[in-house]
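Input: a single structure, listed below in structure tokens.
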Amino acid sequence: MEYNHKEIESRWQQYWKDREIYKVDIDSSRPKFYVLDMFPYPSGAGLHVGHPLGYIASDIYARYKRLQGFNVLHPMGYDAYGLPAEQYAIQTGQHPEKTTSVNIARYRSQLDKIGFCYDWSREVRTCDPGFYKWTQWAFQQMFNSYYDTEAGKAMPMSRLVAHLEANGTEGLNAASGKEVEFTAGEWNVMTPKEQSDALMNYRIAYLGHTMVNWCPKLGTVLANDEVSEGLSIRGGYPVEQKLMYQWCLRVSAYAERLLHGLDSIDWTDSLKETQRNWIGRSEGAEMRFGIDGSDIELEIFTTRADTIFGVTFMVLAPESAYVSLVTKPECKEAVEAYLNEVKHKTERERMIDKKVTGVFTGAYAINPLTGKKIPVWVSDYVLAGYGTGAIMAVPAHDSRDYAFAKKFDLPIVPLIEGADVSEQSFDAKSGTMINSEGPELNLNGMEVKDAIAATKKFIAEKGIGKVKVNYRLRDAIFSRQRYWGEPFPVYYKDGIPMMLPEDNLPLLLPEIDQYLPTENGEPPLGRAKNWTTPDGCPLELNTMPGFAGSSAYYLRYMDPHNSDALVGEDANKYWRDVDLYIGGTEHATGHLIYSRFWNKFLFDIGKVVCDEPFRKLINQGMIQGRSNFVYRIKDSNTFVSAGLKDRYDVTPIHVDVNIVSNDVLDTEAFRNWRPEFNTAEFILEDGKYVCGWAVEKMSKSMFNVVNPDDIVDRYGADTLRLYEMFLGPLEQSKPWDTNGIDGVNRFLKKLWKLYAGGVSDEPAQAAPLKAIHTLIKKVTADIENFSYNTSVAAFMICVNELTSSKCNSREVLEPLAVVLAPFAPHIAEELWHSMLGHDTTVCDANWPVHDEAHLVEQEVTYPVSFNGKARFNLTVPAAMQKDDVIAAAMAHDGAAKWLEGKEVVKTIFVPGKIVNIVVK
RNA sequence: GCUCGAAUGGUGAAAUGGUAGACACUGGGGACUUAAAAUCCCCUGGCCAUUGCGGCCGUGCGGGUUCGAGUCCCGCUUCGAGCACCA
């Protein structure tokens, strides 16, 4: 009987499906374990062989935990809203929903072939109204909340309104967009519109005028994580800065908690570091500088309060409100010309030409410590969105200020002893202060660190400024001028944004005739008919961004059919949080920040029980493509094998990796591949055409896409699963190379033979027992460490041992089938059922525990070293004690030449490990 | 520029401070076959010695700690990732 993967795999997949083997429910008698994959965006190209890597890894863990007795939640769904489906809709007129469901069906059939243990009854799709109802609901909760900085959590807006009614902004502790002050009296006489605008300054979901990343080509704004180096991540189109009135989420209010939360979760250091960088906490001081001849005060932020005696000019961001306030009439023309010039540059242009530009405002600020007058400039190297949009420039100790000072010939005053600032600035935060003595404060002789503290203390006491923490993390822009996304549950009454009643959720995405902006530039929803409330108020035209639907999907899996809540209390209390989350690093600063924020918000309002959503997170590496090349001799249709190509003038051409096997080209298939190769001639080496290769991104244009369906068809899902794990460490990126897959397939055939000869009930010999218990020990430890590649090797070693010792004892074959089940579930079921005669599924077996007794050695072989260099092996009874082992080593034949004429200085003995004799 | 990670055969890679290269792939040789496929066995880091069982060198580079370092420490080089006019 041969190993027939097709028959076995389809039969077991059907069996699991028919009996709902992987369906899970709350079971308070068993501990829960939640294993989650980052759900995919179902693209039109389908899955390639790289996509399932993480899914296989999590599936192994889920199955392993189940065998250990945990009640394992292991769901899957689809991140169904996204730009590609909409771009396709624009081109073809096809409704994105149609494209999306076709793609989902394709994904599902591909996933099903690999034999995952997902509970598909819990599937979610972000574009399903039953799902996005809760995305809209969460948005409304954020609209109705503010972040109380004293309580350190979100609170209902009603509480804030009550405070404003009673006290105005006096004593208000709320995270806000800008600092404003008004009295209760002023609040109470505001119009409803004015009140609405004032409250937007505090709401967690708010409408705000913000500088956004506008992508004209895509016709929409993008979040910071959707832009890289001034280009859109999707499509690579230029992005420019534009001031727009947009929905935003006050993620910045959570910066400190997002930072602190990292300490309590089990993520890799590099991922935590990435998030820390993205949050960008920086501790410094906010200081006020008076403007000469006016009562305006410039507020600036600095981390180097100690350098205040070296401030030789001030710089404002071009967008700063201070610019128009301080500019002197005689400089107005020049300043406006400069602002105009800056405005027309895109972010990318600003980045590419790092030319130092700027203009003098004519105004002078007064250094509060020295009383000296210092000029105020405008330059685009200062960012409006960070700190206060204004800085004090210390050219001696900041490279950007230095470049500016050199360009405009401004003075440079060194403040640190020994710092040579003739060629460049001295940016290091260390050294002894000089030139830093004023009438009230003297920093001379202090270390930089102490000087910073002393200055902060001084300015706080004098009321010149205060200690302040700034974050790089910005609020998330939450509006997209697109069709294929969640509609906002918002309408406008007399220009005031209002939330739809919760009973009216979900607000369904309307049908439109074309997926383009309207003629007058409104988003696509502007085309929807009757897009109003019943009493005629217009509904919001923007839709939510991609990350909206993915920010709480893990909660929905806990209770996917609940129509009264995102997640019911019982389900949430049982499943709590994700124990293991596996996905790619590309979400480090997007999804993984937003969902932590979203979760913390839901935690604050008492809707979920855990503050952090993902307890442990593993980033699987990317699978790159391995492209193959043929070499065409110039101006001919003759192709030369890779080993001979240097003798000719050749052009490398990508060739479809699916007609290449172990880098050998199927020349017939190549001729049939494309018409122009019909008459191709080949110059072979050793009778074969050998292709060249290179590692590149897996993509259609490189002809290096490998479809898992083809691998499953040829070798089976179990081979695919094992091979993907065998490829290398899970977290490492690596190219897909089909060359090694035969080895794994051979292993399964060998395994099959081991059982196919019949299973005996005789007890096993010592060697097979040792092999199986070594395996159990190794695989258990490896799964816990996600070291799956070494597990696969361990299986091979064990099966080789059992084959060569001709072991067919049930005592050994039974646990082998169980430990294999997470990796190769189909064959494990077949062995368990048909070969071992069980009538239950292997999924209900118990994970075996290794028995040390079988691993104990009767004899131990020590490498005997002289001065650390191993010279011979010594085999002695395991029980032999130190002195006897050393005596035996010295008496051994091999020892004579190393001991001859030398004196033994020292002996080192590590039980079970080594004998080392140090001689002189 | 700042932060994090990595570097081991022809290839993918193993190795709680203890015989470096497990396990595979590729390549070479052999068995079985009329033949091929499949299967099985042997060799496969380099150099030297190979009718003797052996010797020397080897984990990016330079130092250090240790009886002993791929592993720990210090200083580099190269590659990858994240952040980046963030004051």
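Letters A, B, ... mirror the listed sequences (proteins, then strands); counts begin at 1. Just the heavy atoms: all of them, side chains too, but no hydrogens, waters or symmetry mates, feed the values below.
Here the P atom of nucleotide B/U16 and the NZ atom of A/K777 are 13 Å apart, to the nearest Å. In this structure, A/N800 places its CG atom 13 Å from C1' of B/C41, rounding to the nearest Å. Here B/C25 presents its P atom at 12 Å from OH of A/Y715, a figure rounded to the nearest Å. We find that CD of A/E731 is positioned 11 Å from P of B/A6, with the value rounded to whole Å. To the nearest angstrom, C1' of B/A22 lies 9 Å from NZ of A/K778. Rounded to whole Å, atom P of B/G82 lies 12 Å from atom CG of A/N619.
Here the nucleotide nearest the side chain of A/P729, chosen from B/A13, B/U39, B/A84, is B/A13. Nearest to the side chain of A/K913, among B/G18, B/G82, B/A13, sits B/G18. Of all nucleotides listed (B/A22, B/C25, B/U3), B/C25 comes nearest to the side chain of A/N739. Distance from the side chain of A/E273 is smallest to B/U3 among B/A14, B/A87, B/U3.
Note on A/T303: only backbone sugar-phosphate atoms sit closer than 4.0 angstrom, heavy atoms only; bases stay farther off. Counting any heavy atom pair closer than 4.0 Å across all strands shown, A/N873 reaches a base atom. Contacts of A/F747 with the nucleic acid, taken as non-hydrogen atoms under 4.0 Å apart, are absent. Base contact: A/R474 has a heavy atom under 4.0 Å from a base atom. Backbone-only engagement by A/L727 is indicated by non-hydrogen atom pairs under 4.0 Å involving sugar-phosphate atoms exclusively. Contacts of A/R746 with the nucleic acid, taken as non-hydrogen atoms under 4.0 Å apart, involve only primed sugar atoms and P, OP1 or OP2.
For A/R596 and A/W278, the positive end is not near the middle of the six-membered ring at less than 6.0 Å and at most 45° from its axis.
Remark: A/Q732 is in phosphate contact with B/A13, judged by side-chain N or O atoms under 4.0 Å from OP1 or OP2.
Ring-centre distance between A/F313 and A/F408: not below the 6.0 Å cut-off.
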Please tabulate, one pair per line, each protein N/O and nucleotide N/O from nucleotides 66-70 of chain B that are separated by under 3.5 Å, including the distance.
{"unit_1": "B/C67", "atom_1": "OP1", "unit_2": "A/K906", "atom_2": "NZ", "d": "3.2"}
{"unit_1": "B/C67", "atom_1": "O2", "unit_2": "A/N916", "atom_2": "ND2", "d": "2.1"}

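In this structure, A/E784 places its CD atom where more than 12 heavy-atom neighbours from other residues, nucleotides or ligands lie under 6.0 Å away.
Side chains of A/T861 and A/N873: a donor-acceptor N/O pair is absent below 3.5 angstrom, by distance only.
For the side-chain contact (heavy atoms from CB on, under 4.5 Å) with A/S791, the lone residue among A/L722, A/T780, A/D782 that qualifies is A/D782.
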Do A/S627 and A/E696 pass the side chain to side chain donor-acceptor pair (under 3.5 Å) test, and can you show the C-alpha distance, the side-chain angles, and the key distance before you say yes or no?
CA-CA 7 Å; A/S627 310; A/E696 295 172 304; 2.4 Å; yes
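Residue side chain A/K750 does not reach the base of B/U39 through any donor-acceptor N/O pair under 3.5 Å, judged by distance alone.
Mapping A/D269 and A/I797 onto RNA chain B via the closest heavy atom, the residue that lands nearer the 5' end is A/D269.
Here, B/G60 and B/U50 have their C1' atoms 33 Å apart, quoted to the whole Å.
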